[in-house]
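Below is one structure, written out as structure tokens; the observations come after it.
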Amino acid sequence: MDAVGHEITAPLLVRVRKSRGGAGAHRQPFVLDVSLEFPAGITILFGPSGAGKSTLLDCIAGLLRPDTGSISVGKESLFDSAAAVDIPVHQRRIGYVFQSLALFPHLTVEENIGYGIADLPAAGKQQRIDEILSAFRVAELRRRKPSEISGGEAQRVELARSLVTDPRVLLLDEPMTGLDDDLKAHIIEDLRAWRTARNIPILYVTHSKSEARALGDHCVHMHSGTTVLETPQLSPGPSAGF
Amino acid sequence: MSPLWLSLKLAACVASLLLVIATPIAYWLAYSTWRGKFLLEAVVALPLVLPPTVLGFYALLAMGPAGPLGKFWNAAFGHGLAFTFGGLLIASVFYSFPFAVQPLMGAFESVDGKLLNASAILGASPWRTFCSVILPLSLPGIVTAVVLCFAHTLGEFGVVLMVGGSLPGVTRTASIAIYDQVQSLEYGQANRMALVLLLISFAVLSVVYAVNRRAGRRLWTPWATK
């Protein structure tokens, strides 16, 4: 249990079905239909584009509403179509780093990181911000705006901003797209350190086998909206194209 | 009160009132997924295409002794609404409505959706997201809306004439005064007041363009929807 009584090793249970129509220029009809349990540690979601990885993350975060099914963390239900439970996004306590950067452009790095812990008392809030800025080696950027930092620095600030809120589940959607190998190595190091410190389910979407091997405790292969293979660690996978 | 001061007072009141009234409507229009919202968009844009005399005519009917607004006002305050500053204010608010709603809506829509998602993911309620993310990032649109409402009210003629007439110190605004002066062949006085309105309008539009240029995008221009 953490300081406020939350069970921090609770697994994430996802059993959802979500269909999307084929409206729009290039959209194909698509059905996400999965039943998965994500234990504490890093689970790699692997699969080709359009496999439903981002859709799955959006459903877990509450940004998309599944047609049917349930999502829960331990005993707490986040979504249950049968029981008409649908906890709003801002009350789910889930961290999410998007594929493209989403730092608030009008706020400094420090203000961005403090955004998710605005309700904490000032002293405790500042301490948390200082700690996470140091942990992710971005302390010297605290007064800068997102437009004044590099892509790699922004990615680390994004990670820090998500983790400072002490989420019970962390969703990472290709967080290292476009970064060079040195920066990736630094961020992988940061994530490993965090995984050791906080024993929570982390879902990591990537196309990179090197990232998957470096980080993954478990691996889920997805294809066309369904799970095709679950493995303890990354394997070559059942189909070409992964 | 001089016609120019009356115009400035009316413009300031309209701009302030519209900022309060138009913001929630623009927010709803920007983010609602209701299929029929185009109907409300059309209603909001009506004053852009209606002749001011048409709007003024219906406003006068509504504010007259037999009109619903006039009856309500009489019951509440003991006097009529037509040919008063209050009546002028209400009619002007309707007349300048699209000049407030459209720039605000454009500004709200231009805020990147992923920032709104990020805010919610970080635990912010919709209200906090509005105050901490949408409003600060929409500041150029808000300035544009206020300035355009001010300028548009300053220059209105038809609606003012229909609803307010030309009562000195009460409803005789600068544009009405210029018209009256031209009718009585006082070109010198008309020219002075017209020049002041011209300079104010130029200054106000310069502010709009400077703000838009600084924001790096053109949120709205007076002729974009005309």
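Basis for what follows: all heavy atoms, side chains included, without hydrogens, waters or symmetry-related copies. In what follows, every chain begins at residue 1, and chains take the letters A, B, ... in the order their sequences are listed.
For A:L63, the part sitting under 4.5 Å from any heavy atom of chain B is the side chain, from C-beta outward, and nothing else. Heavy-atom distances place the side chain of A:F98, and not its backbone, under 4.5 Å from chain B.
Of the listed residues (A:I117, A:L101, A:V97, A:L103), the greatest number of heavy-atom pairs within a distance under 4.5 Å of chain B belongs to A:L101. Chosen from A:Q91, A:R92, A:R161, the residue pairing most often with chain B at heavy-atom distances under 4.5 Å is A:R161.
Classification of A:R93 and A:D166 as a salt-bridged pair fails, no side-chain N sitting under 4.0 Å from a carboxylate O.
By the 30° and 60° cut-offs, the orientation of the rings of B:F108 relative to B:Y31 is parallel.
Each of A:D130, A:T108, A:N112 was checked for a side-chain hydrogen bond (donor to acceptor under 3.5 Å, both in side chains) with A:R142, and the lone residue meeting it is A:D130. When A:E174, A:K53, A:E211 are each tested for a side-chain hydrogen bond (donor to acceptor under 3.5 Å, both in side chains) with A:T206, only one passes: A:E211.
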